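Take a look at the structure set out below.
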Amino acid sequence: MPESPQPAHGRDNATDGLRAEKKPGVARASAARASAGRHVHTSKAAGAQLTAAASADTHSHTTASSVPAAADAPAALPKTYHPRAIESPLFTRWMQAGYFSRDAGGFADNTLPPFTIVIPPPNVTGMLHMGHALNNTLQDILIRQARMQGRPTRWIVGTDHAGIATQNKVEQRLIERGLTRFDLGREAFVEACWKWRQEFGSTIIEQLKAMGCSCDFNNERFTLDEGYVQAVRKVFVDWYHQGLVYRGNRIINWCPRCTTALADDEVVHVEEMGHLWQLRYPLVEPQDGRAYLVVATTRPETMLGDSAVAVHPDDPRYQPLLAAGARLRLPLTERTIPLIADQYVDPHFGTGALKVTPAHDPNDFELGRRHELEFINIFDERAVVNHNGGRFQGLSRAEAREAVLAALKEADLLETTHDHVHAVGHCYRCDTTIEPWLSEQWFVAMRELAAPAIAAVREGRVRFFPDRWHTVYFDWLENIRDWCISRQLWWGHRIPVFYCESCGWQDALIQDISDCPRCGEPLRQDEDVLDTWFSSQLWPFATYGWPATRGFEHQLECYYPTQALSTARDIIFLWVARMVISSLYFIDGQVPFTDVLIHPTVLDKKGNIMSKSRGNGIDPLELIERYGADGMRFGLALQVTGSQDLRFNADTLLGARNFATKIWNAARFVLQSASDKSDACSGPAQATPVCPQPVTPADRWILSRLARLAVFLTDEADDYDFGTRARALYGFFWNEYCDWYLEYSKGQLADTTLRYSTIANLVYVLDKALRLLHPYMPFITEYIWHLLPHGDARPHLMVAQWPDATALTRFIDPSAEALIGHLNGIVAALRSIRARYGIGARQELDVVVNVCGSHAKNQARLLIQQEQLLRHLGRIARLCIEAGATRPAHAAVIVGEEMEIFVPLEGLVNLDAEAARLAKEHKRAATELTKREGKLANPGFLSKADPIQIEKTQTEATELRETLRRLQAQIEALH
RNA sequence: GCGCGAUUAGCUCAGGGGGAGAGCACUACCUUGACACGGUAGGGGUCGUUGGUUCAAAUCCAACAUCGCGCACCA
């Protein structure tokens, strides 16, 4: 769609795959396989024997030829993760398997509610910019999760013909050959546009593929497709016949470079430093010694088109002149103009006298109408002064300004010049200063159409996320003005109005006709085309073939409205509101979508909007090159928040890439462990490794954590909080699965009685984690999943099932979480002591743990049961855990909440340093206790606070007192 | 002018009425059999200012300051 200018960096290599994909040739497919094969290792899939159900392919349609089964995949991960090497081949496989269509290659469950997204169609001239990268990452996350949840999904994709942008591109190419579009003529020019589209128009689609977007690429749409043309014509013709589309002679926003009209919202206002000039307009008949009036203007050149001077009717300064019907001599011209009175004039601004230029200012236009003034157009379509400008004819706007000022100065009619900041309109496509220009244009009467669109959001039939954006929507619709829809371009939907020059017949028609139905004379079609947004507004339903294609009713019945629309906030009214309007009107009062996601704007590191003119844009394809598509996607998702714009931070993408590497290496460890066929691995445990086996507290703990994560990510609440979800995935995988479970598992793997169950859990949790991660990082998860003995019959992770959060809740285990919390605490304490005394990781320690607290004996028993794990992770030689253990001599000390940890370090331990450290902790705890005691001594707290809070505070106070007592005891013991 | 958002560790940002958090950066140690794109242990913040509400405010409210965005513009 037409969009704000964004930095574009061409990349030739990115276009390869698309062109090939459109005609999937044999050569292309085999090339892809060869590419994938670079990483095929010859050893057999070592984990295959552990795979319970992998061979049970219940889906006969997924033949080996179209979708390589898991067995074809490499058996081990290469040591190094190279995102670029795995991404493109995987994408080809997904495409070939037909997963991007509604039935997901046959894996969709038709009994579930469908999930549909329409992409904001990028301009056919577009290059992927950061806004696209973010927006399409988010949409892909949504659609991939829905697909894995079994819902029939479709992400409708296509491009927008982008009238002005495309025409500019093609004209630019003509200019390079010394030609203009007029040299070619309309027909040949439009032909050239189509040719351009064929040659270059797929770039952005190709870039979406590089990102891994799972759009329905086999059903790509274009807003100038044959069927789409029919939709546009029906809308125009219906509205024309309803009187909602009309023609009028109005002041519109004119771009003199694009030589076309623009809609109000296609004009970008920029504050600029200009001048305010005061001009003297001589009175035809001086009165009371007054020879002239002074008017102020920021655009002196427009005085050539003045047809009056206006003052406020009650302004006492001008009463005598008004009464006398004074006229003024318009400088530099032969004309005299009247002095008129109008309420519009602000008597307090300047001299209270306003020059009136009805053909070049919207407000003056209204004045001109009310007072039946002359409308004098002084500019041609390129904003060059025309014959109405007398001797200034032929000058550009800027030249005319200089010349007019010089002439006025010479005639002593220029009174003052002041600096003046004012907002100047610019063309949103080419940044040229807009000229308010009087011309004949087509308009849509919006007020009547807007009312239902306002109601739809008020009633919650369409919801905005974040919610506050609905105010932008309401503000626009409630103050709506008529929409100028005609453009003086050649590339676009030509206005289907036909005129008979001889008898005056005129009508809007669905089908072209050449002769007048009334008199038989040849007809002339309107020369103008429609605003690109006029066609974009139909995107959600025109892409279903409405109103012409057979079967569209069924499509709309099943899959309409769509679920989510994700877009940038700057097109809430340009596009979103208009889609709601047209859908309500034409699709039986239905909204086009239920949820509108307004994603953050991607800013540069300094907080500036990225733009071509600033040159601060970042090319997403370079990011993909550097961090992988997965890294870019996850890095962007991590930065999404509901309320803030996204100040782009490449460090976060680096973190995401490192996270991908972490996943890769964790998977290498799991695969190695699972494939190790040592004796320890044989035996009765050779059952189904994909079944979790919560044997040890560590097992129960990681399964519990996994269950909580799955519940969180599956939560039905549509909060669209991508950042929080991404952070939860990151935290779980890195800080829980890798940092702790993988480390505990190393100890368990060494234990023959635990080895098999541990492998099962490693594989099981990795499998589930990959599923949960897949929507965010589709490539690396897919690649690893293929090698994993996950026991799933589905050929690809992309269509594998989303973890059943409800079923997983049976693993939630607070006692395991508490116990592992204690074990982790002991390990961390030992590491801290090692760091403090410079004891290497290899040197084993003797450790005494004194378990305290009310359940000390039971707690000690539980910890003793985990002695092996502790020894492994803590590198412990002699370990003594008991309730009431005393501190050995020469021991370093850590006082925890419910335990004391002693490490005898004869000759090493610095008793004074230990005492000082304990004293510091004592002080800290004492401060905390004081806070609690203060609260508990506060009658207000005791009488008004939540009882749970009071109890919590009391418990904490008790614990702190106990901790302090023990700290004190240890400090004393050290002396 | 009207409206919206932001202000938390050096940087980018989460969080959100009752114990200040993450990533990066920084310091020290570790080439331990998944990973140096790594591991471990650390240092670092009166949560923009001023009031108010509350037993309790970084968190809610108001005003102000600063920054950003949008809309509307008086020529």
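Chain identifiers are assigned alphabetically (A, B, ...) following the order of the sequence lines, protein sequences preceding nucleic acid strands; residue numbering begins at 1 within each chain. Worth knowing before you read on, the calculation uses all heavy atoms, side chains too, and leaves out hydrogens, waters and symmetry mates. Note that the structure is a prediction, hence the values are computed from the model and not measured.
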Interatomic distance at C1', U27(B) relative to A34(B), whole Å: 27 Å

NZ or CZ of Lys662(A) within 45° of Tyr730(A) ring axis and under 6.0 Å: no

Trp476(A) and its ring-ring contact (aromatic ring centres under 6.0 Å, His included) partner, picked from Trp575(A), Phe573(A), Trp469(A): Phe573(A)

Listed nucleotide nearest any side-chain atom of Lys931(A), set C55(B), A20(B), A34(B): A20(B)

Sugar-phosphate only, base, or nothing, as touched by Arg875(A) at under 4.0 Å among non-hydrogen atoms: base

Base-pairing assignment for A14(B) (Watson-Crick or G-U wobble, both under 3.5 Å): none

Sugar-phosphate only, base, or nothing, as touched by Arg657(A) at under 4.0 Å among non-hydrogen atoms: base

Residue-phosphate contact under 4.0 Å: His420(A) side-chain N/O, A75(B) OP1/OP2: yes

Under-4.0 Å side-chain N/O to phosphate OP1/OP2 contact, Gln949(A) with C55(B): no

Whole-Å P distance, G68(B) and U50(B): 24 Å

Candidates A75(B), A41(B), G5(B) - which lies nearest the side chain of Ser832(A): A41(B)

A28(B) versus G44(B) - spacing of their C1' atoms, nearest Å: 15 Å

N-O pairing of Glu933(A) and Arg961(A) below 4.0 Å: yes

Rounded C1' spacing from U7(B) to U12(B) in Å: 14 Å

Shortest non-hydrogen contact from Val602(A) toward Leu134(A): CG2-CD2, 3.9 Å

Sugar-phosphate only, base, or nothing, as touched by Glu271(A) at under 4.0 Å among non-hydrogen atoms: base

Gap in Å between the two P atoms, one belonging to G10(B) and one to C69(B), rounded: 26 Å

Interatomic distance at C1', G21(B) relative to A9(B), whole Å: 10 Å

Touch class at under 4.0 angstrom, heavy-atom based, for Glu743(A) against every strand present: base

Touch class at under 4.0 angstrom, heavy-atom based, for Arg569(A) against every strand present: sugar-phosphate

Out of A14(B), A41(B), G38(B), whichever nucleotide has its closest atom nearest the side chain of Trp734(A): G38(B)

